[in-house]
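Attaching a single structure in structure tokens format; questions to follow.
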Amino acid sequence: MSYDNNNVFARILRGELPCQKLYEDDATFAFLDIMPQSDGHSLVLPKEPAAVLADLSPAALQATMLTTQKLARAVQQATGAPGLRIAQFNGAVAGQTVPHVHFHIIPCYPQQELRAHARESADPAALAAMREKVVAALAALG
Ligand code: AMP
């Protein structure tokens, strides 16, 4: 799949669009999903330009998985969610809406259905408050 340099995540990575940033290192970047399926829904992406998992280099895949685990721990601690769903879609037919490979970290809460995928924008103040909590949990986990 060819890579579109102007997809929304490429623009976030270049700093052209805002995000509620959670984490960054040399190879990966993470921020809150703007239309969360549950409170704390986060996204982890490689900086390497790749549309789908199959296009990603082994080094970028490894870095992305390590960041996904690190952030999953922090999201779980920050939200108190007893479970997490990790999801990753490849291609529009599979439900992918942004063509830059990414992993979803979706907290799951008792007796709570997940909200629809990429449907409803969250309150910006609620996202900012969640960001504070996740960043604090990341710092605490070291
Ligand atoms: P996917 O459908 O797997 O490609 O997931 C894309 C995700 O990106 C969806 O969950 C959207 O809610 C989310 N999303 C789209 N635009 C933005 C944005 N500007 N900032 C944060 N998350 C976004």
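Everything quoted here is computed from the prediction, not taken from an experiment. As the structure lists them, so they are numbered: ligands from 1, and atoms in each ligand from 1. What you see below is based on every heavy atom in this structure, not just the backbone, and it leaves out hydrogens, waters and symmetry mates.
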L43 neighbourhood, listing ligand 1 atoms whose heavy-atom distance to it stays under 4.0 Å: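 It comes down to these atoms of ligand 1: 8 (O), 22 (N).
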Proximal ligand 1 atoms for G95, defined as those under 4.0 Å from one of its heavy atoms: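 It comes down to these atoms of ligand 1: 2 (O).
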Test item: I106 and L84 side chains (from C-beta on) under 4.5 Å apart, heavy atoms: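 They are not in side-chain contact.
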CD on Q69 to CD1 on I105, rounded to 0.5 Å: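 Rounded to the nearest 0.5 Å, the CD1-CD separation comes to 10.0 Å.
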Ligand-side contact atoms (ligand 1) for residue partner V98, heavy atom cut-off under 4.0 Å: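 So the answer, numbered in order with elements, is 4 (O), 6 (C).
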Residue and atom name of the nearest protein heavy atom (relative to atom 19 (N) of ligand 1), distance in Å to one decimal: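 Its nearest protein heavy-atom neighbour is V8 CG2, 3.7 Å.
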Polar atom proximity, Q96 to ligand 1 (N or O, under 3.5 Å):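 Min N/O separation from ligand 1 is not below 3.5 Å for Q96.
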Between N5 and Y3, a side-chain donor and acceptor under 3.5 Å: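 No - no donor-acceptor pair under 3.5 Å links their side chains.
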Protein contact of atom 1 (P) of ligand 1 - nearest heavy atom, named by residue and atom, plus distance: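 Here the closest protein heavy atom is H102 NE2, 3.2 Å.
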Which of the ligand 1 atoms, numbered from 1, are nearer than 4.0 Å to a heavy atom of A118: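 Reading through ligand 1 atom by atom, the close ones are 9 (C), 11 (C), 12 (O).
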Intermediate values then yes/no, side chain to side chain contact (heavy atoms under 4.5 Å, CB included), D39 and R115: CA-CA 10 Å; D39 294 351; R115 296 188 282 270; 3.1 Å; yes
Part of L17 with heavy atoms under 4.0 Å of ligand 1, whether side chain, backbone, both or neither: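 None of L17 does.
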Nearest-neighbour protein heavy atom for atom 17 (C) of ligand 1, which is reported as residue plus atom name and distance: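 That would be I34 CG2, 3.6 Å.
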Centroid-centroid under 6.0 Å between F89 and F103 rings: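 No: the rings miss the under 6.0 Å criterion.
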S57 and E48 side chains, donor-acceptor separation under 3.5 Å: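 A pair is found: one side chain offers a donor N or O, the other an acceptor, under 3.5 Å apart.
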Any side-chain heavy-atom pair of V134 and L71 under 4.5 Å: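 When only atoms from C-beta onward are counted, L71 and V134 do touch, with a gap below 4.5 Å.
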Sub-4.0 Å atoms of ligand 1 with respect to non-hydrogen atoms of F9: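 Taking each heavy atom of F9 in turn, ligand 1 has 8 (O), 23 (C) under 4.0 Å.
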Nearest non-hydrogen protein atom, atom 15 (C) of ligand 1: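 Of the protein heavy atoms, M35 CE, 3.9 Å lies nearest.
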Heavy-atom donor-acceptor pair, H102 side chain to H100 backbone, under 3.5 Å: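 Side chain of H102 to backbone of H100: a pair is present.
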From the candidates T97, L45, L127, the one that places a heavy atom nearest atom 4 (O) of ligand 1: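 Considering heavy atoms of T97, L45, L127, the nearest to atom 4 (O) of ligand 1 sits in T97.
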Minimal non-hydrogen separation, H117 against G95, with atom names: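 So the minimum-distance heavy-atom pair works out to NE2-O, 3.4 Å.
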Atom 3 (O) of ligand 1: nearest protein contact (heavy atom, Å):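 Closest protein heavy atom to atom 3 (O) of ligand 1: H104 NE2, 2.8 Å.
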Ligand 1 contact on Q37 by region, counting heavy-atom pairs under 4.0 Å: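 Neither; nothing of Q37 gets under 4.0 Å from ligand 1.
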Atom 11 (C) of ligand 1 [closest protein heavy-atom partner, distance rounded to 0.1 Å]: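 In this structure, atom 11 (C) of ligand 1 has D33 OD1, 3.4 Å as its nearest protein heavy atom.
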Atoms of ligand 1, numbered as shown, that sit under 4.0 Å from any heavy atom of L32: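 Contacts of ligand 1 toward L32, numbered from 1: 21 (C).
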CE on M130 to CG on L32, rounded to 0.5 Å: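 CE of M130 is found 7.5 Å from CG of L32.
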